[in-house]
2 protein chains.
Amino acid sequence: MRWEELDQQPCSLARTLAVIGDRWSLLILRDCFLGIRRFDQFEDRLGITRHILADRLKKLVEHDVLRKVPYQERPRREEYRLTDKGLELHPVLMAMVHWGDRHMADERGAPVRHIHKGCGQAMTPVTVCSECGEPVNARDIRVEAGPGWESAGVLPHSS
Amino acid sequence: MRWEELDQQPCSLARTLAVIGDRWSLLILRDCFLGIRRFDQFEDRLGITRHILADRLKKLVEHDVLRKVPYQERPRREEYRLTDKGLELHPVLMAMVHWGDRHMADERGAPVRHIHKGCGQAMTPVTVCSECGEPVNARDIRVEAGPGWESAGVLPHSS
DNA sequence: GATAGTTGGTTCCTTTATGGAACTTGTCAA
DNA sequence: TTGACAAGTTCCATAAAGGAACCAACTATC
């Protein structure tokens, strides 16, 4: 499978990876969630080369995850902001950060804390079932073919 | 920043990406969660080249996300299974699949349904606060420096 | 009015990673 | 003794990323 074919797969994970599944896109998005908006800020913080940064920002704009917003005219300058579609990637980032905190942190502990404005406490993300509200983990879920399924593969067993 | 330096960063997202942040690792893990365990099954389903597959499996084993379990002797054959650390990546995968279902699905809808064994219903993952149990989204969270922070960057503002 | 600085890129060339196909190793079965 | 199977490894061609320099449209300074 070539990289460009990814978003044609009947798999939402593959299609998501077509947008954010490379080295840099998630680090760019992390910085977006921290309030970074301008080309040179991304460059400074990430240590990414300029043409790869330009390419990734362009791709994220094409996928409607970021949008360019002018902040001055003459010379025209634009900054990059998360769209609603981009903001909805927050659970993905939170889940990854939480896993990193648990399994990849050094002796000093988690680098950042997430404060829930609603209750004012340092929180970790918990994934719950949309229907019953109970926490779910891998073993609580059974997978079955949905409406968009085409038999381009077979579910080997319902884990 | 080089790829190998990623896991030295004081950022749990970067460290997580050092493990699962490449083209193939998440697709391999998707298949692991579907019950795939053997080298040739991964190869058939993913269309990945053999030496990249071997490399990624090795890396995932080194990071204790998968482990090799012998299933026959003479000739010795081993399969790959998720460790507990690997199983804890489930929320990451669920969040990505859910985002793909919402934003990247074609007209036929989501390719797979996730049934919560606990309540028997088709569910979507909802991220809630570990402290108060309320659903959280990007705008509900304020970020502050935690114990593992070192000033290798500055939080630009508390989004 | 020439020179330098700022922002947001692009171009060119080198290094690294990936794709594709063939080869290897240990074993069993015909 | 030939063939098949599972799980890799090796070799070479192509694609992607790193690094540095250059460009364009202004503004500010000397």
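Just so it is clear: chains get the letters A, B, ... in the order the sequence lines come, proteins before strands, and each one is counted from 1.
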Is the phosphate of [N], meaning OP1 or OP2, less than 4.0 Å from a side-chain N or O of [X]?
| X | N | answer |
| --- | --- | --- |
| K68(A) | dG9(C) | yes |
| W24(A) | dA16(D) | no |
| R77(B) | dG8(D) | no |
| Y71(B) | dA7(D) | yes |
| Y80(B) | dA6(D) | no |
| R76(B) | dA6(D) | no |

If you check the A54(B) side chain, which of dT27(D), dA17(C), dT9(D) turns out closest?
dT9(D)
Between dT18(C), dA7(D), dT27(C), which nucleotide gets closest to the side-chain atoms of R23(B)?
dT18(C)
How is E78(B) classified with respect to the nucleic acid when contacts are heavy atoms under 4.0 Å: base, sugar-phosphate, or nothing?
sugar-phosphate
Report the C-alpha distance between L17(A) and R23(B) in whole Å, list the side-chain angles of each, state the deciding distance to 0.1 Å, and finish with yes or no for side chain to side chain contact (heavy atoms under 4.5 Å, CB included).
CA-CA 8 Å; L17(A) 290 175; R23(B) 272 174 174 60; over 6 Å; no
How long is the line joining [atom1] of [X] and [atom2] of [N], in whole Å?
| X | N | atom1 | atom2 | answer |
| --- | --- | --- | --- | --- |
| D44(A) | dT7(C) | CG | C1' | 12 Å |
| R38(B) | dG8(D) | CZ | P | 12 Å |
| F39(B) | dT24(C) | CZ | C1' | 13 Å |
| R74(A) | dG8(C) | CZ | P | 17 Å |
| Q72(B) | dC5(D) | CD | C1' | 9 Å |
| E43(A) | dG9(C) | CD | P | 11 Å |
| I52(B) | dT9(D) | CD1 | C1' | 12 Å |
| H51(A) | dT7(C) | NE2 | P | 22 Å |

Closer than 4.0 angstrom, basic N to acidic O: yes or no for K85(A) and E88(A)?
no
Any ion pair linking D106(B) and R15(A) (charged N to carboxylate O, less than 4.0 Å)?
yes
Given the structure, check if the side chain of R50(A) and the base of dG9(C) hold any donor-acceptor pair shorter than 3.5 Å.
yes
Does the Lys NZ or Arg CZ of R50(B) fall within the cation-pi geometry relative to F39(B) - under 6.0 Å from the ring centre and within 45° of the axis?
no
Evaluate E131(A) against H116(B) for side chain to side chain donor-acceptor pair (under 3.5 Å), listing each step before the verdict.
CA-CA 9 Å; E131(A) 305 308 307; H116(B) 182 208; over 6 Å; no
